[in-house]
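Numbering of residues begins at 1 and proceeds along the displayed sequence.
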Amino acid sequence: MTEKDILDLVKEAMMFAAPELATANPTLDSKLSELGVSSITSLEIIGFLEDKLGIRFPDDELVEISTVRDLEKLIRRHLTATAAE
């Protein structure tokens with residue numbers, strides 16, 4: 001998965017979790033809070049990504065997420081781990 005693929009997936013998750021974020025134009029370095037993503041919306045985004053990708057993210061890793069790049073790294077780490085199994 002390329003960075004663009006992951007960014008597009010995150011945008012899709014944001015629109016699913018909070019349609020009012022449809023106008024947000026995140027980059028990998030965007031802070032979720034600056035995009036208007038609340039803590040509840042973050043959980044909905046994570047749930048969407050888990051369902052879409054068929055993976056589960058450990059709770060202790062989720063507390064470290066503050067930027068879109070953090071999400072990208074989390075997704076890559078778990079996709080790589082899943083592929084290795």
Side-chain angles (χ1 to χ4, degrees):
M1 225 176 194
T2 67
E3 283 185 355
K4 183 186 179 325
D5 292 335
I6 292 174
L7 188 56
D8 289 344
L9 183 60
V10 170
K11 286 179 187 179
E12 183 182 356
M14 287 174 60
M15 286 188 292
F16 169 81
E20 66 273 12
L21 296 176
T23 58
N25 192 24
T27 66
L28 287 172
D29 294 316
S30 297
K31 290 186 178 186
L32 295 173
S33 60
E34 291 175 357
L35 294 171
V37 176
S38 69
S39 56
I40 297 211
T41 302
S42 292
L43 294 175
E44 291 171 347
I45 289 170
I46 294 298
F48 177 91
L49 294 171
E50 288 177 332
D51 290 345
K52 186 87 170 187
L53 299 170
I55 55 180
R56 293 287 173 245
F57 303 120
D59 291 343
D60 62 328
E61 292 181 29
L62 298 178
V63 297
E64 300 170 11
I65 304 298
S66 65
T67 66
V68 175
R69 188 174 303 280
D70 293 337
L71 273 174
E72 183 256 346
K73 289 178 184 176
L74 180 71
I75 290 167
R76 281 191 188 284
R77 186 168 50 247
H78 287 279
L79 285 178
T80 302
T82 301
E85 292 177 356

Report whether Leu43 and Met14 are members of the same hydrophobic cluster (ILVMFWY, side-chain heavy atoms less than 4.5 Å apart, transitive linking).
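No, because Leu43 and Met14 fall into different hydrophobic clusters, even though each may have its own neighbours under 4.5 Å.
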If we only count heavy atoms from C-beta on, is the [X] to [Y] side-chain gap below 4.5 Å?
X: Arg76; Y: Glu3; value: yes
X: Thr41; Y: Ile45; value: yes
X: Thr23; Y: Met15; value: no
X: Leu71; Y: Ile6; value: no
X: Arg77; Y: Leu74; value: yes

Once you round to the nearest 0.5 Å, how far does CG of Leu79 lie from CD1 of Ile55?
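The CG atom of Leu79 sits 4.5 Å away from the CD1 atom of Ile55.
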Output for pair (Glu12 CD, Leu49 CG), nearest 0.5 Å, gives 9.0 Å
In short, Thr27 meets Val68 closest at the heavy-atom pair O-CB, 3.3 Å
Step through the shown structure and confirm whether more than 12 heavy atoms of other residues, nucleotides or ligands are within 6.0 Å of CG on Asp60.
yes
With sequence neighbours left out, which residue pairs that include part of residues 20-67 fulfil the ring pair (Phe, Tyr, Trp, His ring centres under 6.0 Å) condition?
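Ring pair (Phe, Tyr, Trp, His ring centres under 6.0 Å) check on residues 20-67 returns Phe16-Phe48, Phe57-His78.
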Could you give me the CA-CA distance, side-chain angles and deciding distance for Lys11 and Asn25, then say whether side-chain contact (heavy atoms from CB on, under 4.5 Å) is met?
CA-CA 8 Å; Lys11 286 179 187 179; Asn25 192 24; 3.7 Å; yes
Sequence neighbours excluded, which residues qualify as side chain to side chain donor-acceptor pair (under 3.5 Å) partners of Asp70?
Ser66, Thr67
